[in-house]
Amino acid sequence: MLESVIQNILNALQWGSYYSLIALGYCLVYGVLLLINFAHGDIFMVGAYIAFFVSTLLLGHYGFLPFALPKGLVLALTIPLTMFLTSCVGVFIERVAYRPLRRKGANRLYVVITALMAGLILENGNLALLGASRKNFPELLDKTVYTLGSVAFTNVKIIVILAAFLVFWLLNFIVTKTKIGMAMRAISYDRFAVPLMGIPVDTIIVFTFVLGSSMAAIAGILFAMSYPILDPYMGAMVGWKAFIAAVVGGIGDIRGAFVGGFILGFVEILVVAFFPSTFRDLIAFTILLIILSIKPTGIFGVAKTTKI
Amino acid sequence: MRRFTVPLLVLLLFGVLIGLAYYDKLDLYVQSVLMFMGINIIFGSSLNIVNGYMGEFSCGHAGFMAVGAYVSSVLSVLFFAQDKVFGAPLLPPEYAIYGFPIIVIIAFIAAALTGLLVALPSFKTRGDYLAIITIAANYIIITTIINLDFIGGPRGFMGMKSVIFAMEDVAFLPWMLIWVYIFTILSIWAIYRFVSSTYGKGIIAIHQDEVAAEIMSVNTNKMKLIAFMFSSGLAGVAGALFAHVLGYVNPNSFNILKSTEGLVMVYLGGMGSLSGSVLAAILFTFLLELLRPLQIIKWVVIPLLLIILMQFRPEGIMGNRELSDIFPRLRKFYQFK
Amino acid sequence: MALLEIKNLTQYFGGLCALTEFNMTIEEGDLVGLIGPNGAGKTTVFNLVSGFYQPTRGEIIFNGKNIAGLKPHQVTALGIARTFQNIRLWHEMSVLDNIMIAQHYNLGYSLKDLFLRTRRYQENEKRIRDEAYKFLEIMNLKEYALEKPKNLPYGMQRKVEIARALSVKPKLLLLDEPAAGLNSADVKELIELISWIHKEFKLTIWMIEHQMTVVMSLCSWLKVIDFGATIAEGTPEEIQNNPEVIKAYLGDGKI
């Protein structure tokens, strides 16, 4: 009994880690731009694919490299490279699609639609380019199974959970302690006054997208390491869910998004433990809706008052 | 005389279409494209009530379509068709002609009530939170259907074709084309009447300044409910027609992608423009068919086209104007504002 | 009987006390003012009376009925209209629509009439439209009926907002800083407009205002609040010389 509880808690933490990392990206962009970046789930998918190509390239699968690198080095190189390349994709979308619309003063909802469209392009472009066959992510880390009493867990599971917390800690540091993080928070408090204070808003926005996309990239790598089968639509569903998780946590606050991701992870694992798996989305979404109707601003959210 | 110009044109078009279809001058493919156009017009313009006129952001419109589709399909099979699960028809199948409009109205009511359930918690929340609630509602509706085994679960539900055949046995006419046409016109008519009345303009007031609307005696909560129910009810009508045109329904035809299509039509046409939504729906259906040979690349090209269009016309094709604003001469025939 | 009687109205926001034990009586036909430094709680009083906030304590009796806790649209339907500090018109709709939509409390037809375009619908829509036009004519705004408010000069927007508030035929009109943002010529016009409205519609008016010229030339009675508490009341002349008021506005002279 206790073993299965611990096992499920570990599973939920692992599952929640992905949601949390993606939710953080949503939260950052939303905080700075008030934009629901619906392409973010697909950025996560792109991250996983980039990680796939980078690591297979480094492992010498395509014959570009005269020699194959050892696995550990490949992993160490894949992470920063993937983060960099995924950030490029995120920033590219912002520069090409969102920024011109912002400049023209288009209604916010049009930017949201643009984000939806960008997501569709990423998904289906991928499908068109690479075909429907799924990609098998190479094993970059030898799987070892530890047993503690009768609880078994893999090293990957522990790495995923630790990585999520580490990333959150870093992000929290950036947002609260650094100058650029302060500027990000300033924009989310008052987007009209900030440019007047001489803060380069566009730079901050680009930086936000870099942060968000690289976290999606990390989530992509971690996801691919534990579930090594990639398909173009893997990002869409996870993305929608992570967004809802971010809102349940309170989308204005990165702590909220982080906690929200784990809540969703726990709810889903719990549901699967007691019900048939087809009920997972049904019950998970219902619970999230109930949380939202009890606390409409989310768990960490602060109610915004309109001045009359 | 001018008062009757528009109704006469509508009747004339109806006669021409049905005549062409009856004498086999309109092949089945064109007919089905026309029917999907009608369904998309209802779907897009109904979403425009909430997302365009009222300025809220509802993302799960396809969920209400699913409710309408399933309620109507189950009812029409239950009453007018032989089915493995539901057994013999409860009424003689030749009554299907009279029963069908009633079933569509029930689909409207069912979807509107679902809309009510979704809209109630959304009062406490504002702005983007409605987006979450509707996305979640869309998922909840679909997964509920998937888990209901007696209506086929993930496999979908069929049997509506035999109801159409029953109608054709009574009189050999292109029945679905007739129904789609009638309900499309009715829906546009109803939306037009709603948003051109002082009462309906209350939702535009809510969009522009909710505080001012409330203080100037607009019951904002009630208005939001009515607009939301009206909009989701019409989505239910679109769903009912969709199910009967196809002859089968599958829960996955009503996923977020379908909702996204609705959003595209609203924002392509312009928020708060009825003629814009209609134009966008026609254009969008046409584009989908035109690009069909591209297969999956279609879903790269269409979003790309939209993004490019947004860069040049960030307010959609029509902005919030109507055809009668762009061509003032049309005002002789119908008054919009 | 007084038209509006406010008894011990108190409002807390969290732990912050925005208004304490506010009392006020307004007789029918009065034109009175509420003044005080920035952040004194003046707009809070108006928000409480018009129903945007639920008061923590106290009663607001309008026409013999306690309206505390009603929704704003209900309060408006009972006969209290208001304007806002920062103009809140529906800027994308015509001036005529702005006036017509304010008739929501008195449409006279149901949804069924709307969809079926019954005689009742048509008669009532016609009545609303005709009344709106007539009203715009009285207010000298008829030539702007089909303009969008955002295209009008600021002073004119203010006038449209007052016209919209009047179109719900209120017994009591609350004006929240009507002179804010107006130049001196517009202010002069505004003073004339308000005193004309006061006479023409036999209206009771309660206004918040900062500009002393406006208050002094219009109001017969003033109430001064600071930090949510009443510090003085009286005729404009009395208030002008009240040391408490001078202290609240200018500080107590010690540096």
Side-chain angles (χ1 to χ4, degrees), chain A residues 30 34 36 38 96-97 100-101 104-114 116-129 131-132 236-237 240-241 243-244 246-248 251 276 278-286 288-290 292-298 303-304 306-308, chain B residues 51-52 55-57 59 118 120-129 131-133 135-144 146-147 153-154 210-211 215 255-257 259-260 263-264 266-268 271 294-308 310-316:
Chain A
Y30 189 85
L34 273 189
I36 311 175
F38 278 134
V96 172
L101 276 183
K104 292 199 181 88
N107 189 312
R108 212 163 53 83
L109 297 181
Y110 284 97
V111 190
V112 176
I113 297 297
T114 308
L116 267 173
M117 293 302 112
L120 280 180
I121 292 178
L122 289 179
E123 274 167 32
N124 297 304
N126 181 339
L127 195 63
L129 277 176
M237 187 69 181
W240 290 105
K241 285 186 178 173
F243 173 54
I244 297 180
V247 174
V248 167
I251 195 161
T278 46
F279 279 76
R280 189 185 68 186
D281 291 351
L282 178 60
I283 297 175
F285 280 123
T286 314
L288 296 186
L289 271 194
I290 292 171
L292 260 189
S293 49
I294 293 169
K295 201 153 177 355
T297 49
K304 270 200 180 135
T306 24
K307 194 164 159 46
I308 298 163
Chain B
N51 283 30
E56 295 278 358
F57 193 52
C59 278
V118 177
L120 277 178
S122 72
F123 286 153
K124 282 209 228 160
T125 59
R126 295 184 57 88
D128 297 329
Y129 285 82
I132 325 300
I133 291 176
I135 292 170
N138 196 338
Y139 273 117
I140 289 175
I141 290 169
I142 289 177
T143 43
T144 308
I146 288 177
N147 283 297
E210 194 174 336
V211 170
I215 198 66
N255 58 11
I256 295 276
L257 188 66
S259 298
T260 310
L263 289 172
V264 165
V266 170
Y267 295 95
L268 177 67
M271 289 167 71
L294 289 179
Q295 289 170 345
I296 191 66
I297 302 177
K298 175 174 81 171
W299 280 111
V300 180
V301 175
I302 291 176
L304 205 59
L305 281 177
L306 268 167
I307 290 185
I308 294 168
M310 297 256 175
Q311 306 298 331
F312 291 106
R313 273 196 82 81
E315 70 276 19

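Below, chain A is the first sequence line, B the second, and so on; all start at residue 1.
- Contact annotation: the side chain of Leu292(A) approaches that of Ile132(B) to within less than 4.5 Å [non-hydrogen atoms, C-beta and beyond].
- Heavy atoms only, all atoms of each residue included: Leu109(A) and Gly55(B) are closest at CD1-O, 4.4 Å.
- In this structure the side chain of Leu120(A) reaches within 4.5 angstrom of the side chain of Leu257(B), judged on heavy atoms.
- Only the side chain of Leu306(B) comes within contact range of chain A, with heavy atoms under 4.5 Å apart.
- Looking at Leu101(A), the atoms closer than 4.5 Å to chain B (heavy atoms on both sides) sit in the backbone and in the side chain alike.
- In this structure, Ile244(A) CD1 and Tyr139(B) OH are separated by 7.5 Å, a value rounded to the nearest 0.5 Å.
- Put simply, OG1 on Thr144(B) and CZ on Phe285(A) are 11.5 Å apart, with the number rounded to the nearest 0.5 Å.
- For the set Ile302(B), Val266(B), Asn255(B), Ile256(B), the entry with the most heavy-atom pairs within less than 4.5 Å of chain A is Ile256(B).
- Here the CG-OG1 distance, from Asp281(A) to Thr143(B), works out to 6.0 Å after rounding to the nearest 0.5 Å.
- Residues Phe38(A) and Ile135(B) meet the side-chain proximity criterion, which asks for heavy atoms closer than 4.5 Å.
- For the pair Tyr110(A) and Met271(B), the minimum side-chain heavy-atom distance is below 4.5 Å.
- Rounding to the nearest 0.5 Å places CD1 of Ile133(B) at 11.5 Å from CG of Leu288(A).
- No other option in Lys104(A), Lys241(A), Glu123(A), Met117(A) has as many heavy-atom pairs under 4.5 Å with chain B as Met117(A).
- No other option in Ile36(A), Thr278(A), Leu122(A) has as many heavy-atom pairs under 4.5 Å with chain B as Thr278(A).
- Each of Leu304(B), Ile308(B), Ile297(B) has some count of heavy-atom pairs under 4.5 Å with chain A, and the biggest count is that of Leu304(B).
- With sequence neighbours left out, Thr114(A) forms a side chain to side chain donor-acceptor pair (under 3.5 Å) with no residue at all.
- Only the side chain of Val112(A) has a heavy atom closer than 4.5 Å to any heavy atom of chain B.
- Proximity to chain B (any heavy atom under 4.5 Å) is shown, for Leu282(A), by both the backbone and the side chain.
- Minimum interatomic distance between Pro303(B) and Ile121(A) (heavy atoms only, all atoms of both residues): CB-CG1, 3.4 Å.
- Partners of Phe279(A) by ring pair (Phe, Tyr, Trp, His ring centres under 6.0 Å), not counting sequence neighbours: none found.
- Counting heavy-atom pairs closer than 4.5 Å to chain B, the top residue among Leu289(A), Val96(A), Asn124(A) is Asn124(A).
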